Amino acid sequence: MTAPELLLRFDGNKPRKLKYNLAAARAQGASTLLTFGGAYSNHIRAVAAAGHTEGFETIGVIRGEEHLPLNDSLAFAVSQGMRLHYMDRESYRAKDSTETRRFLESTFGDFFLIPEGGSNPAAVKGCAELPREIAEPFDVICCPVGTGGTLAGIAAGLGPGQRAIGFATLKGGFLTHEVEKLQQQTYGKVFDNWHVEDDFHFGGYAKVPKELDEFAAKFGADHGFEVDRIYVAKMLYGITAMIEAGKFAPGTRIIAVITTG
Ligand SMILES: *Cc1c(COP(=O)(O)O)cnc(C)c1O
């Protein structure tokens with residue numbers, strides 16, 4: 001009997017999610033990208049950086065009030081030329097409404113809109129390219145799930161017999177539905193080669209109890225990289241727990257996508 005084999009693949013998901021969005025923005029002749037996120041959003045950082053290198057103005061609509069000095073994420077976004085616009089939590093919840101859209105257009109003029117977390121069909125298509133770039137044979141591929149675009153795409157890009165497992169980093173059990181919606185919007189169907197594990201969110205988004213923190217510190221020391229606590233640690237903890245619980249057949253080759261890149 002051979003134990004399941006775990007391979008780490010360092011592959012940042014945000015550039016993949018942006019690739020076809022930037023192409024669409026350019027094809028439409030847009031000069032400005034506008035998107036939404038929390039104050040610690042990796043997506044906000046990624047849009048700011050992409051705008052800087054690809055020649056787009058960028059606007060980040062940030063949930064909540066301004067806190068000065070800016071945290072590292074927002075300071076980085078501003079250093080890349082992003083304009084920040086803060087929205088109170090209640091207005092932010094209505095960010096996808098026509099009223100809000102009109103307000104943003106009257107404030108900022110024309111823009112290409114990328115949704116919160118960057119998950120839309122263009123993002124799903126970008127992530128679907130990931131599995132095909134993996135040279136080693138594998139049976140299962142794992143990723144963390146925030147808004148679901150990464151999992152939706154990875155699963156769609158798999159070959160026969162392969163499956164994907166997403167590890168929810170938010171509580172509430174709604175992410176399966178989000179991934180289904182994204183696959184439906186992108187491909188007109190839902191694939192049956194994936195599922196979401198909802199048991200490893202550790203209390204919800206950005207919650208990092210001691211047990212998770214210690215696991216991440218040890219895993220990072222053993223493998224020589226800094227394990228992101230918000231997404232990657234929850235996936236790695238979940239995979240490790242599932243391996244220990246015998247959830248994978250002997251010899252299963254498991255890829256863990258380290259989405260921080
Ligand atoms: C944004 C992000 C995720 C979540 O990706 P989704 O497509 O929103 O599910 C996972 N890991 C990292 C490191 C991220 O920044």
Side-chain angles (χ1 to χ4, degrees), residues 8-21 35-50 60 62-63 71-74 76-77 95-96 114-131 141-157 164-186 191 194-198 200-202 204-208 212 216 219-220 223 225-239 255-261:
L8 307 182
R9 180 177 172 95
F10 293 82
D11 200 316
N13 64 345
K14 295 300 187 288
R16 291 187 184 276
K17 294 178 74 170
L18 285 174
K19 177 178 168 188
Y20 291 112
N21 276 296
T35 195
F36 301 90
Y40 293 92
S41 165
N42 291 336
H43 167 67
I44 290 286
R45 292 177 72 111
V47 171
I62 309 300
R63 181 181 61 234
N71 68 38
D72 286 355
S73 293
L74 295 183
F76 172 79
K95 65 185 175 317
D96 300 322
I114 302 176
E116 181 180 44
S119 284
N120 58 9
V124 172
K125 283 185 192 143
C127 293
E129 295 178 343
L130 190 161
I141 184 165
C142 299
C143 67
V145 183
T147 56
T150 304
L151 176 60
I154 285 177
I165 305 175
F167 291 81
T169 58
L170 288 78
K171 72 171 173 207
F174 59 92
L175 288 168
T176 297
H177 181 62
E178 291 301 313
V179 176
E180 287 173 354
K181 244 180 11 196
L182 284 162
Q183 288 194 331
Q184 190 69 44
Q185 286 166 5
T186 311
F191 292 67
W194 60 272
H195 77 274
V196 173
E197 286 288 335
D198 271 313
F200 304 103
H201 58 65
F202 285 88
Y205 186 70
K207 297 273 192 298
V208 186
L212 179 66
F219 196 100
H223 294 84
F225 72 105
E226 176 64 24
V227 177
D228 156 75
R229 304 302 201 255
I230 300 190
Y231 295 103
V232 174
K234 293 179 181 184
M235 168 189 68
L236 291 172
Y237 188 103
I239 297 171
I255 303 247
V257 181
I258 310 299
T259 42
T260 36

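If you're wondering where the values come from, they're calculated on a predicted model, not measured in any experiment. Every number for a ligand or one of its atoms is a count from 1 in the order of the listing.
- Looking at T260 and D228, their side chains never bring a donor and an acceptor atom within 3.5 Å of each other.
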List of N/O pairs, ligand 1 versus protein, all under 3.5 Å?
from, atom 1, to, atom 2, distance (Å)
ligand 1, 5 (O), N13, ND2, 3.1
ligand 1, 5 (O), T150, OG1, 3.4
ligand 1, 7 (O), K17, NZ, 2.6
ligand 1, 7 (O), G149, N, 3.4
ligand 1, 7 (O), T150, N, 2.9
ligand 1, 7 (O), T150, OG1, 2.7
ligand 1, 8 (O), K17, NZ, 3.2
ligand 1, 8 (O), T147, N, 2.8
ligand 1, 8 (O), T147, OG1, 2.5
ligand 1, 9 (O), G146, N, 2.7
ligand 1, 9 (O), T147, N, 3.1
ligand 1, 9 (O), G148, N, 2.8
ligand 1, 11 (N), T259, OG1, 2.6
ligand 1, 15 (O), K14, NZ, 2.7
ligand 1, 15 (O), N42, ND2, 2.7

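- Ring geometry, F202 versus Y237: the interplanar angle exceeds 60°, so the pair is classed perpendicular (tilted spans 30 to 60°).
- For the side-chain contact (heavy atoms from CB on, under 4.5 Å) test with V145, the passing option among T259, T169, D198, L175 is L175; the others fail.
- To the nearest 0.5 Å, atom CG of residue L130 and atom OG1 of residue T150 are 9.0 Å apart.
- Classification of the H223-F225 ring pair by plane angle, with boundaries at 30° and 60°, yields perpendicular.
- With hydrogens and angles ignored, the 3.5 Å screen pairs no side-chain donor or acceptor of E116 with any backbone N or O of F36.
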